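Notes follow the structure.
In this chain, residues are counted from 1 in sequence order. Model, not experiment: these values are computed from the prediction. Below, all heavy atoms of this structure are taken into account, side chains as well, without hydrogens, waters or symmetry copies.
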Amino acid sequence: MAIVIDRSLSTTQKVGNASLFQSFRGAANRALSELDSGSDFATIVLAGDSPEPLQRKLVPNIAGLKTQLQSVEASLGRADISSAIAEASRQLSLFEGQRLLVVISDMQRSNWTELLNDSSRSFDLPSGTEVRFVQQNKRSTENSALSNAQCDPPNPTQGQLVTLSVTTTNFSEQAKQIPVTLFAGDEKMDERVLRVESEQSAIASFQVKCRQTTGYRFAIAADNLAVDDEIFVAISSGAATPVAVVTDDGTDIGSSKFFLERAVRPFNSDRDQYQITNFTARSLKSGSLNGQQIVVVGYVARLTNAAIDELVEFVKSGGRLLYLCGEGNVAGQLAQIEKRAAVNCFPFELAKLDRFNDFDDMLQIQSGKWRSRWLRAFDLPSQLALQQIRFDKVWSVGQIRAGAEVLMRYSDGRPALGYSAYGDGMIVQANLSPSVDFSEFGKFGSFAALVQMIVGRLHDQESSAEALLVGDSIKFLHDLSPAGTSKKATTGASLKVIGPLGEELATQISSTEDSISVLVERAGQPGLYELRSADEVLQLVSVATDPRESDLEYLEQVELDASWKEGDVDSVTAEKFGLNLIDRGNPLWGWLAVGSVLMMASESFLLGWWKR
């Protein structure tokens, strides 16, 4: 028996005096009690943001598994149910005998709908595997939650008046009055009372003066899912992030440069997070990109050898490059760059530019890794809007490079967006262009949103405008260059990261002449994470819970049974699960004992009758 237990944030919901996860743990314990230690085999896989098997294969030590189970708690991240089931399937495939897969989950609709609608999923369940889905009986789905805490502008200067905002969502059937309070540490700063309609959201905004490296907390009254009733935002004052835009276009309306500048700097003011420096291909020479963190390449008529050398050296030494593949000899340009780099550094190879004249033949963005950190800001309505855009010119693609990851694909399967590492840097390749000579994409808000997401992800230090989520890694980059904001910490040994609970976290530290990189592999709690040198807070990062976990609506058993296609399926509730789980046949010892007693009684009766 392989048991998969959902331990996502939504399972911390209180139902009565206990959480859902506690009832799931009890159901799993009852299931294990049905087994005979030493002769029966079992395993447990925990479904968090990554699968966590308690054993690498099915084991006969049932008592040991039960002991491990008692120390397991719910996580505060998203559950990757698909990967957890795949791990359980792998272990079942190595076992010879009766196979039973038990999935214990709250069946949260937002999570399971993505899984069940994923046509590419493959669990490879061994033949003959029985499947049992276990969930809590009827329960409330009402919840109020905070998400999307932001500071505007995202990189304020010291003393600048900023707007702090947070989204409040009412997951209930009735409108609510929800007080939202802003705290700086333990100090109450202000409060807003929002009327939020059923299944709707509202934004609470507060104005404060920026203090260098400061964190704020938003809070609402605690309910049955308490973790999403507070959220944090970190503010670090400083200059805008430098971004170089390389294009031979003019600033005419409709050119790639026109749309790129408006996507990178939508406000064209100090509210923008990025500061643009423009280059043409001919003006790009050795040293031109010094001080730049991100380079975006649009339409280029011809790349000079000096421009190629500068781009290669920029990425190799840790820079981030976004290359838009539109008009011109883009395939030849990429081949020149790869020849200079002496490696296939772009995510995929371009072949030729295809043109689609008929509207019905034009390509659309059909699929994407929407749950990845690159694209998760695209909610379902945004995904649907993006999928409606038609592309009449798209490059055909040859080989997808080893180690590259494709993030979006067109309706015919060719890559639309991908990324790969090169040297100490990263390259994102977009098989599209905003120019009106190439497509209508630049005219849509989806293009600006996509560019902001990519540039934000390429930025070494994540913007405070989008908090990291529980389960993500955190990377602090401490600047030691003359332009750096702090010179007190000159070695990695003097740096430490303090988590939301006040604990010092394990880190991986690397350094160059100009900077020190401090990596926390996984953020396990929502809240504020501090990079410190002695008692000085050098940087502050906020981590939030995944907002999808706040919607507690769940799939009914009949819906799940109808959508699941693998194995022999049955569904039960957690309260009834674990009793008579294993079919061991009908025991005959009781009947044999009764028969023996009846025979002895008959014999005594007959002996007595015969004597008379």
Side-chain angles (χ1 to χ4, degrees), residues 117-120 247-250 252-264 296-301 322-335 346-372 374-401 404-419 428-455:
N117 290 342
D118 183 4
S119 59
S120 65
T247 175
D248 290 337
D249 268 342
D252 298 338
I253 295 176
S255 66
S256 63
K257 183 178 181 180
F258 173 85
F259 288 118
L260 274 174
E261 287 188 348
R262 279 150 185 79
V264 175
V296 182
V297 179
Y299 167 73
V300 172
L322 168 59
Y323 210 107
L324 302 178
C325 303
E327 292 280 12
N329 183 24
V330 184
Q333 294 164 9
L334 301 193
F346 282 90
F348 45 85
E349 175 190 21
L350 298 185
K352 65 182 183 67
L353 184 62
D354 293 331
R355 290 172 168 80
F356 304 93
N357 297 320
D358 294 335
F359 181 81
D360 290 340
D361 293 336
M362 295 179 185
L363 301 185
Q364 298 165 276
I365 302 290
Q366 186 174 47
S367 63
K369 295 189 175 180
W370 310 116
R371 297 175 65 176
S372 69
W374 292 89
L375 302 176
R376 65 185 174 206
F378 270 117
D379 56 15
L380 185 57
S382 301
Q383 295 171 29
L384 295 175
L386 180 61
Q387 291 169 0
Q388 298 303 310
I389 301 171
R390 302 277 178 158
F391 294 82
D392 57 324
K393 294 179 183 177
V394 180
W395 284 89
S396 60
V397 173
Q399 181 185 14
I400 297 176
R401 311 300 195 190
E405 183 168 355
V406 176
L407 297 170
M408 294 196 311
R409 291 184 182 273
Y410 285 106
S411 46
D412 66 350
R414 72 181 74 186
L417 185 71
Y419 73 92
V428 175
Q429 183 179 358
N431 189 6
L432 50 85
S433 169
S435 171
V436 293
D437 293 332
F438 199 80
S439 73
E440 299 291 309
F441 189 31
K443 297 180 180 179
F444 292 87
S446 300
F447 173 71
L450 181 63
V451 170
Q452 281 285 322
M453 273 184 273
I454 295 172
V455 172

Partner residues of Glu327 under the side chain to side chain donor-acceptor pair (under 3.5 Å) criterion, sequence neighbours left out: Lys393
Would you please name every residue forming a side chain to side chain contact (heavy atoms under 4.5 Å, CB included) with Arg262, sequence neighbours left out? Phe258
Do Gln452 side-chain atoms and Val264 backbone N/O form a donor-acceptor pair below 3.5 Å? yes
Using the test ring pair (Phe, Tyr, Trp, His ring centres under 6.0 Å), find all partners of Phe447 that sit at least two apart in sequence or belong to another chain. Phe441
Counting N and O atoms only, with roles assigned by atom type, does the side chain of Gln364 sit under 3.5 Å from a partner on the main chain of Ser411, one being a donor and the other an acceptor? no
In Å, rounded to the nearest 0.5 Å, how long is the span from CG of Leu450 to CG of Leu375? 7.0 Å
Which residues share a side chain to side chain contact (heavy atoms under 4.5 Å, CB included) with Gln388, sequence neighbours left out: none
Hey, are Lys352 and Asp354 close enough for a salt bridge, meaning a charged N less than 4.0 Å from a carboxylate O? yes
Residues in side chain to side chain contact (heavy atoms under 4.5 Å, CB included) with Val394, at least two apart? Phe356, Leu363, Phe391, Tyr410, Arg414, Asn431
Which pairs pass salt bridge (charged side-chain N to carboxylate O under 4.0 Å, His left out) with one or both residues in residues 434-451, sequence neighbours excluded? Glu440-Lys443
Has Asn329 got a side-chain atom pairing as donor or acceptor with Gly332's backbone, closer than 3.5 angstrom? yes
With Glu405 via side chain to side chain contact (heavy atoms under 4.5 Å, CB included) - residues at least two apart: Lys369, Leu407, Tyr419
Apply ring pair (Phe, Tyr, Trp, His ring centres under 6.0 Å) to Tyr299 and list each qualifying residue two or more places apart in sequence or on a separate chain. none
Tell me whether the count of non-hydrogen atoms from other residues, nucleotides or ligands lying under 6.0 Å of CD1 in Ile253 goes above 12. no
Reported CZ-to-CZ distance for the pair Phe348 and Arg401, which is rounded to 0.5 angstrom: 10.0 Å
Contacts of type side chain to side chain donor-acceptor pair (under 3.5 Å), residue Ser372, not counting sequence neighbours: none
Which atoms form the tightest heavy-atom contact between Ala448 and Ala263, and what is the distance? CA-CB, 3.8 Å
For Phe378, give me all partners under ring pair (Phe, Tyr, Trp, His ring centres under 6.0 Å), at least two apart in sequence or on another chain. Trp370
Gln333: what forms a side chain to side chain donor-acceptor pair (under 3.5 Å) with it, not counting sequence neighbours? Tyr323
Which residues pass the side chain to side chain donor-acceptor pair (under 3.5 Å) test with Asp249, sequence neighbours left out? Ser256
Looking at every non-hydrogen atom in both residues, tell me the closest pair between Ile400 and Pro415 and how far apart they are. CD1-CG, 3.9 Å
Using a 4.5 Å cut-off on heavy atoms from C-beta on, say whether the side chain of Leu353 contacts that of Phe438. yes
